[in-house]
Structures are given as structure tokens and as C-alpha cells.
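Contents: one structure, followed by commentary.
Owing to the predicted nature of the structure, the values given are computational and were not obtained by experimental measurement. Only heavy atoms go into these numbers, but all of them, side chains included; no hydrogens, no water, no symmetry mates.
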Amino acid sequence: MLPDEHGGELVLRLPDWLRRLWTEQEHAFDNAEAKMRFVIELARRNVEQQTGGPFGAAIFDADSGRLVAPGVNVVEPSNCSIAHAEMVAIALAQQVVGSYDLGADETFCELVTSTEPCAMCLGAIPWSGVRRVLCGARGEDACAIGFDEGAKPPDWVGALQGRRIEVVQDLCRTEARAVLEHYRTTGGRIYNARCDIRAGE
């Protein structure tokens, strides 16, 4: 039974800096690289502000380039293993549009993520309604610093494409990978469900 003070609600709190940035973000993004650099900057700031892991994501209206919702990894501050950047961005976007389906009403939403989705986030993508996924760093880049990407199908790109979800890989990969490496070299905590290690140890 949940204690009364929790009220049976699940609350994931965005870092204050991200809420301010989202409120102030007004201009549309006119190309894929600009969107990717935005989410890489989210990941970098999450590391610098020590508000979570080195991952950023966002949902955009693909036609207009408008930011629908941003997300960063808040696993540790939220004590919630599912609070990955992609999951946060998807959940926020669905609240913004008022639908669990980001592909409803002819809307063409895309997920832009600083690192390819892990097994969990990959599973969430088809049900989210997004029609395109843009990826920066590769899953192997995250594994190289110690993160566990889970049991992803070898041809996960083909699996999404089979569901008519376009996938673009290696967009600004060098810049995205640099954020992961920065997290490792500054002692960022590497966490997952099976082990508790620190980068570089």
C-alpha cells in the first residue's frame, strides 16, 4: 500500500534548467543537424549541472520543426529506472498534445536522441506514434563507457523500418560521443539494473 503522502501519483520532475529552457524556446528548428545539436546540448548540460545521465532527447513536429517536448535522463534523481531521456520526451509530448499517439490526426512527430535507444526505449517507440527516429551516438558508444543497452535485436533499425518508422543514424555522432566520454572522464556514475560501477573504476 502506498503511503497517503504519495497519493498514488507518479511524478518525474524535470531539472529547473530544462524547464526554463523549454519555456524560453520559441524558434523552430530548420534542419536535422540543428535538432540533433539541441539534444546533444541537453545531454551536455545534464552532465554539467549534475542532474542526470549523459543523454538528451526531444520530440519535434517534423513538418514545422517545432519543439514539442524535450527530455533528459533523470534516472538517478527520480529513483526511476525507466526515466531515460527518450521516455521522458515521449511522455511529455503525449501530455502536450493530449494523446498517447503522437501520430494521430496526421501529425508527423520525430524523436531525436543523442544516443541510439536502449532496449527499453526501442520497445516504446512503435507505440509512441513517432514516424522518424534520428540518432547521434551509437549504442556501442554508450557500452564503451560502461552502460548496458539491453537485449536489442541485431537488426533493430530494420525492425522499426518494417513498422514504417524511418531511422537515421550517426547524425553528429562525434559530438554526441564526446558528451558520453566527458561524462566518463568527469566521474559520472554508470548505473543499470545489474551492477553498480563508476566510470573509470
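Between the K35 side chain and the T113 main chain, no donor and acceptor come within less than 3.5 Å of each other. Between the side chain of S114 and the main chain of G56, a donor-acceptor pair closer than 3.5 Å is present. Using modelled atom types, no side-chain atom of E110 and backbone atom of R132 make a donor-acceptor pair closer than 3.5 Å. Side chain of E86 to backbone of V88: no donor-acceptor contact under 3.5 angstrom is found.
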>> Using the rule given for side chain to side chain contact (heavy atoms under 4.5 Å, CB included), can you reason through C121 versus M87, listing the C-alpha separation, both sets of side-chain angles and the distance that settles it, and then say yes or no?
In response: CA-CA 6 Å; C121 297; M87 303 292 276; 3.7 Å; yes

> Would E33 and R173 satisfy salt bridge (charged side-chain N to carboxylate O under 4.0 Å, His left out), going step by step from the backbone distance to the final call?
Replying inline: CA-CA 11 Å; E33 288 78 12; R173 182 182 179 185; over 6 Å; no

> Yes or no on side chain to side chain contact (heavy atoms under 4.5 Å, CB included) for V112 and F29, after CA distance, side-chain angles and deciding distance?
Replying inline: CA-CA 12 Å; V112 183; F29 294 79; over 6 Å; no

> Could you go step by step and tell me if V72 and W17 meet the side chain to side chain contact (heavy atoms under 4.5 Å, CB included) rule?
Replying inline: CA-CA 11 Å; V72 292; W17 65 264; 4.0 Å; yes

> Would V179 and F55 satisfy side chain to side chain contact (heavy atoms under 4.5 Å, CB included), going step by step from the backbone distance to the final call?
Replying inline: CA-CA 8 Å; V179 175; F55 306 100; over 6 Å; no

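Both V157 and M36 sit in one connected hydrophobic cluster of ILVMFWY residues. Membership requires side-chain heavy atoms under 4.5 Å apart, directly or through other members. Hydrophobic clustering keeps F108 apart from L160 (ILVMFWY residues linked when any side-chain heavy atoms are closer than 4.5 Å, directly or through intermediates). Residues V168 and L122 share a single hydrophobic cluster, defined by chaining ILVMFWY side chains whose heavy atoms lie under 4.5 Å apart. Under the 4.5 Å side-chain contact rule for hydrophobic residues, F147 and M120 do not share a cluster. Both I90 and V96 are part of a single hydrophobic cluster, where members link through side-chain heavy atoms under 4.5 Å apart.
The local environment of CD in E48 is crowded, with over 12 non-hydrogen atoms from other residues, nucleotides or ligands closer than 6.0 Å. The environment of Q169 atom CD is dense: over 12 non-hydrogen atoms of other residues, nucleotides or ligands sit within 6.0 angstrom.
Between D141 and T115 there is no side-chain heavy-atom pair separated by less than 4.5 Å. When side chains are defined from C-beta on, L92 counts as touching L14, because their heavy atoms get closer than 4.5 Å. The shortest side-chain heavy-atom distance between F60 and L111 does not fall under the 4.5 Å cut-off. At least one side-chain heavy atom of C80 sits under 4.5 Å from a side-chain heavy atom of L12. Side-chain atoms of Y191 and E76, non-hydrogen and from C-beta on, do get closer than 4.5 Å to each other. Under the 4.5 Å side-chain criterion, counting only non-hydrogen atoms from C-beta, R131 is not in contact with C109. Using a 4.5 Å heavy-atom threshold, the side chains of E116 and K152 count as touching. When side chains are defined from C-beta on, V74 does not count as touching T51, because their heavy atoms never get closer than 4.5 Å.
Note that CH2 of W127 is 14.0 Å distant from OH of Y100, once rounded to the nearest 0.5 Å. Separation of atoms OG (S128) and CD1 (I59) is listed at 6.0 Å; rounding is to 0.5 Å. In this structure, the separation between OG1 on T23 and CG on L18 is 9.0 Å, given to the nearest 0.5 Å. Residue L21 holds its CG atom at 5.5 Å from CZ of R45, rounded to the nearest 0.5 Å. Here L171 contributes atom CG and L134 contributes atom CG; the two are 6.0 Å apart, rounded to the nearest 0.5 Å. Here the CG atom belonging to D170 is positioned 8.5 Å from the CZ atom belonging to R177, to the nearest 0.5 angstrom.
Of the charged side-chain nitrogens involved, at least one lies within less than 4.0 Å of a carboxylate oxygen, so that E175 and R37 count as a salt-bridged pair. R19 and D16 are joined by a salt bridge, as a carboxylate oxygen and a charged side-chain nitrogen come within less than 4.0 angstrom of each other. Remark: E41 engages R44 in a salt bridge, criterion side-chain N to carboxylate O under 4.0 Å.
Annotation for A69 and A93: closest pair CB-N, 3.5 Å, computed over non-hydrogen atoms. Residues I125 and P117 approach most closely at CD1-CG, 3.9 Å, considering heavy atoms. Scanning all heavy atoms of the two residues, the minimum distance from V130 to V133 falls at CG2-CG2, 4.4 Å. The heavy-atom pair separating A151 from A119 by the smallest distance is N-CB, 3.7 Å. Among all heavy-atom pairs drawn from F38 and A58, the shortest one is CE2-CB, 4.4 Å.
Between the side chains of Q161 and E166, no donor-acceptor pair of N or O atoms lies under 3.5 Å. N46 and Y183 form no side-chain donor-acceptor contact under 3.5 Å, judged by distance and modelled atom types alone.
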